[in-house]
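When a ligand or atom number is given, it counts from 1 through the structure's own listing order.
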Amino acid sequence: MGDETPLWPAEPSLEQVREALGECTRCGLSEGRTQIVFGDGNPEADLMFVGEGPGEQEDLRGIPFCGRAGELLTRMIEGGLEIQRSSVYICNIVKCRPPRNRTPLADEVSACRRFLDGQIDAVRPRTIVALGKPATSLLLGRDVAISRVRGQWHEYRGIPVMPTFHPAFILRQYTAENRRLVWEDLKAALAKSRESHP
Ligand code: URA
C-alpha cells in the first residue's frame with residue numbers, strides 16, 4: 001500500500017483513525033513500546049495540545065502526558081486556564097515511546113504524521129498548542145528555535161497554532177520568566193479557541 005492511500009474518510013472519527021493505526025509497525029519505535037499512546041480527551045475539543053512523544057509513564061499507562069511533565073501540563077490547564085483537562089484533546093507527534101526518551105527521528109515523525117493529521121481532521125480544533133521544538137517544527141514545516149517562535153501565531157492546515165515551551169523544559173528551567181511566557185501563550189490560545197467565527 002502506497003503512503004498516499006487514504007486510510008479513512010474525509011471527516012474521520014478518532015475511532016476510525018485509531019483503527020487504521022492498528023498495532024502499528026510502520027517505524028522502529030514499535031519495537032520498544034509497551035503500548036501505543038494515541039490521545040486523550042474531548043473528541044470535539046476546541047483546543048488541542050500536541051507534544052513530542054510518550055515517556056515512561058505514558059508508555060506504561062497508554063495515556064499522553066500522565067508523568068511529571070503531564071502533571072505540570074494538567075496544572076497549567078486546570079489551575080491556570082481553569083478548564084478541565086478532559087475538555088481539551090492531547091496527543092503527540094509520535095505515538096510510541098522513543099528509547100530513553102530521545103527526540104523522535106525524522107523517519108519516525110514522518111511515519112506517524114498522517115495519524116496526527118487524522119486526529120486533527122477528526123477533532124477539528126479551533127486552536128492547536130504545539131508543545132516544544134519537535135511538535136512546533138513539524139507543524140510549522142521547518143526546523144525552529146522554540147524561543148524564537150513561541151508566543152506568535154502560526155497556522156497548520158488553516159488552524160491557528162500557538163507554539164510554546166514543552167512542560168518538561170519548564171520543569172528543568174523552572175524560572176518565573178519561563179512560567180510567565182507559557183502562561184501568556186496558553187491564555188492567548190484559550191482566548192483564540194473561544195473566538196466566535198463569522
Ligand atoms: N512528553 C511528551 O511530549 N508527551 C507525553 O505524552 C509525555 C511527555
Side-chain angles (χ1 to χ4, degrees), residues 14 17-18 21 24 27-30 32-43 45 47-81 84-113 115-120 122-123 125 127-140 143-147 149-150 154 156 161-174 178-179 181-182 185-186 189:
L14 282 172
V17 179
R18 179 65 189 85
L21 180 61
C24 184
C27 84
L29 292 183
S30 60
R33 74 174 179 235
T34 306
Q35 59 190 309
I36 289 174
V37 181
F38 184 63
D40 183 40
N42 179 2
L47 190 55
M48 180 163 174
F49 289 80
V50 179
E52 179 175 332
E56 184 182 18
Q57 286 305 311
E58 290 79 15
D59 174 69
L60 290 172
R61 294 177 55 195
I63 301 166
F65 283 99
C66 67
R68 274 191 76 221
E71 280 166 21
L72 177 57
L73 180 64
T74 303
R75 281 209 303 279
M76 292 186 213
I77 293 170
E78 300 206 332
L81 295 177
Q84 293 295 304
R85 173 179 158 132
S86 58
S87 73
V88 306
Y89 189 76
I90 303 176
C91 63
N92 287 299
I93 60 171
V94 296
K95 313 298 187 223
C96 299
R97 183 191 182 194
R100 297 174 306 282
N101 298 342
R102 64 154 168 74
T103 305
L105 304 174
D107 67 309
E108 296 158 354
V109 174
S110 71
C112 220
R113 178 184 194 139
F115 299 97
L116 174 65
D117 285 342
Q119 287 172 299
I120 293 171
V123 175
T127 303
I128 297 173
V129 177
L131 298 167
K133 177 186 166 96
T136 303
S137 296
L138 179 67
L139 296 181
L140 270 52
D143 193 44
V144 298
I146 188 68
S147 53
V149 298
R150 63 137 291 280
H154 299 78
Y156 184 67
V161 173
M162 174 55 73
T164 197
F165 294 125
H166 194 286
F169 168 79
I170 300 294
L171 284 176
R172 288 195 306 273
Q173 314 251 343
Y174 201 70
N178 285 340
R179 281 180 287 158
L181 293 174
V182 171
D185 300 344
L186 295 189

Exercise. Do the side-chain N and O atoms of Ser87 and Asn42 include a donor-acceptor pair separated by under 3.5 angstrom?
Worked result: no
Exercise. Which of the numbered atoms in ligand 1 are below 4.0 angstrom from a heavy atom of His166?
Worked result: 1 (N), 2 (C), 3 (O)
Problem set entry | ligand 1 atoms in contact with Pro64 (distance to a heavy atom under 4.0 Å) | 6 (O)
Seminar exercise, completed: For Gly51, the ligand 1 atoms with a heavy-atom partner under 4.0 Å come out as 3 (O)
Exercise. What is the nearest protein non-hydrogen atom to atom 4 (N) of ligand 1, stated with its residue, atom name and distance?
Worked result: Asn92 OD1, 2.7 Å
For this session: Examine Gly53 against ligand 1 and note whether any of their N/O atoms are separated by less than 3.5 Å.
Result: yes
Problem set entry | From CD1 (Ile77) to CZ (Arg85), nearest 0.5 Å | 6.5 Å
Exercise. Counting N and O atoms only, with roles assigned by atom type, does the side chain of Lys133 sit under 3.5 Å from a partner on the main chain of Ala145, one being a donor and the other an acceptor?
Worked result: no
Problem set entry | Part of Glu52 with heavy atoms under 4.0 Å of ligand 1, whether side chain, backbone, both or neither | both
For this session: Answer whether the closest heavy-atom distance between the side chains of Phe49 and Val88 falls below 4.5 Å.
Result: yes
For this session: Mark yes when over 12 heavy atoms from residues, nucleotides or ligands other than Arg102 sit less than 6.0 Å from its CZ; otherwise mark no.
Result: yes
For this session: Could you tell me which residues satisfy ring-ring contact (aromatic ring centres under 6.0 Å, His included) with Phe165, sequence neighbours excluded, listed by chain and number?
Result: Phe169
For this session: Report yes if some N/O of Phe65 lies less than 3.5 Å from some N/O of ligand 1; otherwise report no.
Result: yes
